[in-house]
Novice: 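Got a structure for you, questions after.
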Amino acid sequence: MSFKQQALGGFRRESDEAVLVRGKAVLLAMTDNPNFVTPEPALETVTEILHDYEHKLSMARRRGSPEDTAAKNDARKATEQMLKRLAFYVTQTADGSLPKLLSSGFPVSSLPQKGDVPVVVTGITLRDGRQQGQMRLDFYHNPSAKVYEYQVCQVDANGQPDEWSESYITSSSRLNIIAPLIPFQRYGVRVRAINGYGRSDWSEMATHVIR
């Protein structure tokens, strides 16, 4: 699975001053930037929101009344929303180009590390389903997985798998019912975990004879 770097538009953990500085840096970098000719939202709109935030931040610093603080907080929220929208536009327009992303003035996400890809799924168990021709698939929950993918095959008398089926996607590690299946036939199942950074290797095959 390919991974494209993104412009980061989240500033909730930043100080009020850091949000203001970042906003000004982005505006400076985006103005007349040939990589981003039609910003959304328009830079004029972002400038107005940022100036309003700067004014209300200054008032809250000087007077510090509850009303001034509330007004500053509302203005900060509006600024964050505008910058988040602009970061989304930058990400879509840059389409993974690091030079273009960096030219925007936004911080850029790091490339995934090998450890970010899910580990191999373990603890696979197969058992009879409630009805004939069914089996139930369970396995250990993988904290780094967003969804799971599994495949099914028939297994011959020597324990060798036949052709694997198409992949099925599930978000649960428990109570996955596989059907319809041929009674008294041995089946094999393998599972792998998926997240935004890629797929794990396939698990070891587990087998079960259908009742």
Novice: Which heavy-atom pair separates Gly105 from Arg22 by the least distance, and what is that distance?
Specialist: O-NH1, 2.8 Å

Novice: Under 6.0 Å from the CG atom of Asp156, do we count more than 12 heavy atoms belonging to anything else shown?
Specialist: yes

Novice: In the structure I gave you, are the side-chain heavy atoms of Ser203 and Phe139 within less than 4.5 Å of one another anywhere?
Specialist: no

Novice: With the 4.5 Å side-chain cut-off for hydrophobic clustering, are Leu8 and Phe36 part of the same group?
Specialist: no

Novice: Do the side chains of Lys100 and Thr93 get nearer than 4.5 Å, heavy atoms only?
Specialist: no

Novice: Taking everything shown except Glu17 itself, do over 12 heavy atoms lie less than 6.0 Å from its CD?
Specialist: yes

Novice: Below 4.5 Å, heavy atoms only, C-beta onward: do Leu50 and Glu54 meet side chain to side chain?
Specialist: no

Novice: With a 4.5 Å cut-off on side-chain heavy atoms, are Thr69 and Asn73 touching?
Specialist: yes

Novice: Can you tell if the side chain of Pro161 reaches within under 4.5 Å of the side chain of Arg190, non-hydrogen atoms only?
Specialist: no

Novice: Is there a donor in the side chain of Ser165 and an acceptor in the side chain of Gln151, or the other way round, less than 3.5 Å apart?
Specialist: no

Novice: Which heavy-atom pair separates Ala7 from Phe106 by the least distance, and what is that distance?
Specialist: CB-CB, 3.9 Å

Novice: Within the 3.5 Å criterion, strictly below it, is a donor on Glu149 or Ser167 matched to an acceptor on the partner's side chain?
Specialist: yes

Novice: State, with a plain yes or no, whether a side-chain heavy atom of Lys72 is found less than 4.5 Å away from one of Tyr53.
Specialist: yes

Novice: Strictly by ring pair (Phe, Tyr, Trp, His ring centres under 6.0 Å), give each pair with a member in residues 149-185 just once, sequence neighbours left out.
Specialist: Tyr150-Tyr168

Novice: Hey, does Val46 have a side-chain heavy atom less than 4.5 Å from the side chain of Met30?
Specialist: no

Novice: Do the side chains of Val121 and Ile194 join up, straight or via other hydrophobic residues, at under 4.5 Å, putting them in one cluster?
Specialist: no

Novice: Can you sort out the partners of Thr38 under side chain to side chain contact (heavy atoms under 4.5 Å, CB included), two or more places apart, ordered by chain and number?
Specialist: Tyr89

Novice: Could you tell me which non-hydrogen atom of Leu175 sits nearest to which non-hydrogen atom of Asp138, and how far apart they are?
Specialist: N-OD1, 2.7 Å

Novice: So which atom in Val119 and which in Asn142 form the shortest heavy-atom distance, rounded to 0.1 Å?
Specialist: O-ND2, 2.9 Å

Novice: Please say whether more than 12 non-hydrogen atoms of neighbouring residues, nucleotides or ligands are located less than 6.0 Å from CD in Glu14.
Specialist: yes

Novice: Decide side-chain contact (heavy atoms from CB on, under 4.5 Å) for Met82 and Thr45; before the verdict, give the C-alpha distance in whole Å, the side-chain angles of both, and the deciding distance to 0.1 Å.
Specialist: CA-CA 9 Å; Met82 281 292 171; Thr45 302; 3.6 Å; yes

Novice: Counting C-beta onward and ignoring hydrogens, is there a side-chain heavy-atom pair between Val90 and Val26 closer than 4.5 Å?
Specialist: no

Novice: With the 4.5 Å side-chain cut-off for hydrophobic clustering, are Val191 and Met205 part of the same group?
Specialist: no

Novice: Using a strict threshold of under 4.0 Å (side-chain N to carboxylate O), is an ion pair present between Glu80 and Lys84?
Specialist: no

